[in-house]
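Note that this is a predicted model, so its numbers are computed, not measured.
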Amino acid sequence: MKLFYHIPDDQDIKMLIRKREMRIENFLNKIRFVFLSFIFLFDFVLIFSNKHSSAFNNWFDIGFFLAILPVFYIAHRLTSGQSYHPWIKYVTVALDLGCSFIYSQVALRNYMRVYPVDKLSFLEVMTIIYLFFNLLSVLRGGMSIVLFSAVLTFILNGSSYIINHENISVLCYSSLFIISFSTFNLYATNAIIENIVNNQLLNKAMVEVSNAKTEIEAQNDMLVGQRDQIVHQKKEITDSIRYALRIQNAILPPDYYVKKCLPDSFIFYAPKDVVSGDFYFVEQIEKHVVFSAVDCTGHGVPGAMMSVIGYNLLNQAVKLKRMTRPGDILQFLDCGVTETLRQLAGESGVNDGMDL
């Protein structure tokens with residue numbers, strides 16, 4: 001793990017960490033207020049109930065509490081709003097450690113006269129209190145505040161021992177504890193910030209995945225709708241073509257009629273598509289049997305339409321006009337196709353035809 005963790009240049013992550021700092025400061029301010037309120041009430045009771053207590057000490061505690069009461073109110077107002085004030089955490093750390101230092105020095109000068117407490121033991125207790133306030137810097141987040149708290153704790157603790165002329169070896173041990181705890185605080189703060197950043201990045205990734213999933217589902221619904229529409233249209237087209245096949249089969253000569261006209265014959269008819277551009281024609285006129293195998297241009301629906309035109313023209317030539325000579329029939333068919341498709345003046349632009 002890196003000793004100093006650099007926050008990514010992501011505005012959402014920075015905003016999240018800033019809001020967290022303000023919430024932590026607001027919470028610590030409330031805890032601080034409750035703690036000092038208990039001391040205030042305790043001293044207030046002692047003034048009227050304990051004859052052995054020092055009036056000066058008690059009134060000093062009460063005055064000290066009332067003096068810093070506006071600070072609690074200002075800190076509460078600043079940390080409860082939406083704005084970000086990065087300097088508050090430095091002020092509150094300095095306030096916690098500085099007030100502890102001042103209070104300890106006053107206590108060493110006055111409380112010792114009332115309560116038989118060893119001065120060295122008292123300083124060791126104060127070292128633990130400094131370490132506790134230094135540990136709170138981990139919650140505030142940020143390497144700079146942890147280093148600021150560590151340096152201030154180291155200076156105030158050392159000043160307490162030097163001012164009171166206590167054992168230097170104890171000062172060295174307590175300083176070593178402060179350095180060790182401060183190093184731990186750096187790693188702990190690094191881990192907390194890194195965890196916050198990773199969680200935020202994970203949440204953003206989950207949101208992006210959720211949005212992508214929603215978009216994919218919408219696209220999938222659209223594709224399903226398009227597929228259903230295509231299936232429906234295909235069914236309509238297929239049904240229409242199958243019905244056209246029934247019409248095309250209806251105009252073709254039936255098998256029994258072909259066998260009647262040409263007993264020793266067979267017909268192999270296998271269209272490429274459902275409907276075909278090929279057809280056959282069989283008709284008997286007196287003693288003549290007219291048979292034709294016709295290949296229209298195109299296949300499928302266009303070829304089938306041409307086959308209907310060709311079949312109608314053959315019917316007119318053979319059945320109505322009683323033509324039996326191939327040349328006359330072909331001449332009539334050629335003129336009929338040209339006239340039907342309006343190919344003489346190029347009006348239709350259709351150059352289709354058929355081979356017989």
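- Tyr90 and Phe101 end up in the same hydrophobic cluster when Ile, Leu, Val, Met, Phe, Trp and Tyr side chains are linked at under 4.5 Å.
- Counting only distance, with no hydrogens or angles, the side chain of Ser174 and the backbone of Leu171 share a donor-acceptor pair below 3.5 Å.
- Counting only heavy atoms from C-beta outward, the side chains of Thr127 and Tyr161 approach each other to under 4.5 Å.
- Around atom OH of Tyr257, more than 12 heavy atoms belonging to other residues, nucleotides or ligands sit under 6.0 Å away.
- Around OH of Tyr269, the count of heavy atoms belonging to other residues, nucleotides or ligands within 6.0 Å exceeds 12.
- With ring centers used as reference points, Tyr280 lies 6.0 Å or more from Phe291.
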Could you check Leu78 against Trp87 for side chain to side chain contact (heavy atoms under 4.5 Å, CB included), going step by step and ending with a plain yes or no?
CA-CA 11 Å; Leu78 292 176; Trp87 52 268; 3.5 Å; yes
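- Heavy-atom neighbours of Phe181 CZ from other residues, nucleotides or ligands within 6.0 Å: at or below the threshold of 12.
- Between the side chain of Ser210 and the backbone N or O of Val207 there is no donor-acceptor pair closer than 3.5 Å.
- The backbone N or O of Ala191 lies less than 3.5 Å from no partner atom in the side chain of Asn195, so there is not a single donor-acceptor pair.
- Heavy-atom neighbours of Met222 CE from other residues, nucleotides or ligands within 6.0 Å: above the threshold of 12.
- Distance CG/Leu123 to CD1/Ile128: 11.5 Å, rounded to 0.5 Å.
- Two residues are said to be in side-chain contact when any heavy atoms from C-beta on lie closer than 4.5 Å; Ile17 and Val197 meet this criterion.
- Checked by atom type and distance alone, the side chain of Asn190 never pairs as donor or acceptor with a backbone atom of Leu186 at under 3.5 Å.
- In this structure, Ser149 OG and Asp96 CG are separated by 9.0 Å, a value rounded to the nearest 0.5 Å.
- The cluster map of Ile, Leu, Val, Met, Phe, Trp and Tyr, joined by side-chain heavy atoms under 4.5 Å apart, puts Leu156 and Ile179 in different clusters.
- A donor-acceptor contact closer than 3.5 angstrom links the side chains of Tyr84 and Glu21.
- With rounding to the nearest 0.5 Å, the separation of CD1 in Ile309 from OG1 in Thr340 is 6.0 Å.
- Distance check, rounded to the nearest 0.5 Å: CD1 of Ile162 to CG of Asn157 gives 9.5 Å.
- Taking 4.5 Å as the limit, some side-chain heavy atom of Phe281 sits within range of a side-chain heavy atom of Val318.
- Although no hydrogens or angles enter the test, the distance criterion places no donor-acceptor pair under 3.5 Å between the side chain of Lys259 and the main chain of Asp264.
- When atom types are taken as modelled, the side chain of Ser159 and the backbone of Ile155 share a donor-acceptor pair closer than 3.5 angstrom.
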List the steps, then state whether side chain to side chain contact (heavy atoms under 4.5 Å, CB included) holds for Asn134 with Ser137.
CA-CA 6 Å; Asn134 184 31; Ser137 62; 3.8 Å; yes
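- Between Val274 and Leu245, the shortest heavy-atom contact is O-CD1, 3.1 Å.
- In this structure, Thr297 contributes its side chain and Gly353 its backbone to a donor-acceptor pair below 3.5 Å.
- Summarising the local packing, CD of Glu286 is surrounded by 12 or fewer heavy atoms from other residues, nucleotides or ligands at distances under 6.0 Å.
- Hydrophobic clustering (side-chain heavy atoms under 4.5 Å, transitive across Ile, Leu, Val, Met, Phe, Trp, Tyr) groups Val258 together with Tyr311.
- Between Leu313 and Met354 the shortest side-chain heavy-atom distance does not fall below 4.5 Å.
- Using a 4.5 Å cut-off on side-chain heavy atoms (C-beta onward), Met126 and Ser160 make no contact.
- Interatomic distance, CG of Leu135 versus OG of Ser182, reported as 10.0 Å (0.5 Å rounding).
- Looking only at side-chain heavy atoms (C-beta outward), Val308 and Ile247 stay at 4.5 Å or farther from each other.
- No single ILVMFWY cluster, assembled from side-chain heavy atoms under 4.5 Å apart, contains both Val146 and Leu131.
- Residues Ile329 and Ile251 are members of one and the same hydrophobic cluster, defined by side-chain heavy-atom contacts under 4.5 angstrom among Ile, Leu, Val, Met, Phe, Trp and Tyr.
- Sparse packing is recorded around CZ of Phe177, with 12 or fewer heavy atoms of other residues, nucleotides or ligands lying under 6.0 Å away.
- Residue Glu283 holds its CD atom at 14.5 Å from CE of Met323, rounded to the nearest 0.5 Å.
- Asp334 places no side-chain N or O within donor-acceptor distance of the main-chain N or O of Leu330, the cut-off being under 3.5 Å.
- When only modelled atom types and interatomic distance are considered, Thr92 and Asn29 share no side-chain donor-acceptor pair under 3.5 Å.
- Counting non-hydrogen atoms of other residues, nucleotides and ligands closer than 6.0 Å to CG of Asp255 gives a total of 12 or fewer.
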